[in-house]
Amino acid sequence: MTEISFAPRGSKAEIEEGERLSPKFDADGLLTAVTVDADDGTVLMVAHMNAQALALTIETGVAHYFSRSRGRLWKKGEESGHLQQLVELRVDCDQDAVVLRVRMPPLGPGVPGAACHTGHRSCFFRSVPLGAAPTPELTLAVNDDGPLFDPAKVYGLTKKTDTPRF
Ligand SMILES: N=c1c2ncn([C@@H]3O[C@H](COP(=O)(O)OP(=O)(O)OP(=O)(O)O)[C@@H](O)[C@H]3O)c2ncn1[C@@H]1O[C@H](COP(=O)(O)O)[C@@H](O)[C@H]1O
Ligand SMILES: [Mg+2]
Ligand SMILES: [Zn+2]
């Protein structure tokens, strides 16, 4: 890949309302990436990108992230085949976060693609009950129909599995 270069961070007005991409990476060289389904807006996952991941995502139109735990570039789907094709890439006002609007290949007839390594379509498959102060006994509610694939089959048997639906 050619050398990565973005526009320099200019004035507040230029960054917030101008036409230049001047991403702001944090002290670890990362920005926040929110990935949503391009068709229905479902929030699929939140991850991080370094300059290389952002540049590769822009250049190839396929989502790349930076894995903090593995300390390396991560092309989503590199192991599972669950790639994310970009439909649109948006940057927020101060350019320290991006939204990826993506399409994922369906896992089967009538089965959408899944973005989460647990097998769920979205990482955000549990909701927190509102209206009472949280306690250690607070119980999360599952808000989808269960995993769409078996992580043990896709990622190998050492990974966490859930109750599969297949
Ligand atoms: N596939 C995923 C994956 N898909 C979605 N996510 C979500 O992406 C976010 C990753 O951000 P984090 O900052 O928590 O984690 P990280 O430390 O940067 O990344 P990991 O090293 O944990 O992968 C979390 O919210 C995850 O739930 C995934 N996080 C990790 N993986 C791992 O990535 C590897 C390759 O998987 P594929 O990309 O599907 O081939 C496998 O080992 C997977 O277990
Ligand atoms: Mg992690
Ligand atoms: Zn997840």
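Ligands are counted one by one from 1 in listed order, and the atoms in each one are counted from 1 as well.
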*Answer yes or no as to whether an N/O/S atom of Cys116 is found below 2.8 Å from the Zn ion (ligand 3).*
yes
*Could you tell me whether Asp40 and Arg121 make a salt bridge, using a distance below 4.0 angstrom between a side-chain N and a carboxylate O?*
yes
_Counting neighbours of CZ on Arg72 that are heavy atoms of other residues, nucleotides or ligands and sit closer than 6.0 Å, is the number greater than 12?_
yes
*Is the closest basic N to carboxylate O distance between Glu78 and Arg70 below 4.0 Å?*
yes
*Under 3.5 Å, N or O to N or O, is Met45 touching ligand 1 that way?*
no
*asked:* Any nitrogen or oxygen of His82, side chain or backbone, less than 3.5 Å from one on ligand 1?
replied: no
*asked:* If the cut-off is 4.0 Å to any non-hydrogen atom of Phe66, which atoms of ligand 1 fall inside it?
replied: 18 (O)
*Just by modelled atom types, is the Ala152 backbone N or O under 3.5 Å from a matching donor or acceptor in the Asp150 side chain?*
yes
*Below 4.0 Å from any atom of ligand 1, is there a heavy atom belonging to Tyr65?*
no
*For His48, the ligand 1 atoms whose distance to one of its heavy atoms is below 4.0 Å*: 13 (O)
*Hey, is the Zn ion (ligand 3) within less than 2.8 Å of some N/O/S atom on His120?*
no
*Roughly how far, to the nearest 0.5 Å, is CG of Leu148 from OG1 of Thr118?*
9.0 Å
_Using a 6.0 Å cut-off, check whether atom CZ of Arg9 has over 12 heavy atoms from anything other than its own residue._
yes
*For Ala115, is at least one N or O under 3.5 Å away from an N or O on ligand 1?*
yes
*Where do Gln85 and Gly61 come nearest, in terms of heavy atoms and distance?*
NE2-O, 3.2 Å
*Ligand-side contact atoms (ligand 1) for residue partner Ser80, heavy atom cut-off under 4.0 Å*: 37 (P), 39 (O), 40 (O)
*Side-chain donor or acceptor of Lys75 paired with backbone N/O of Leu56 under 3.5 Å*: no
*asked:* Counting only heavy atoms, tell me which of Leu83, Val46, Val154, Leu30 gets closest to atom 25 (O) of ligand 1.
replied: Val46
*asked:* Please compare Lys76, Gln84, Arg70, Glu78 and report which has the shortest non-hydrogen distance to atom 34 (C) of ligand 1.
replied: Arg70
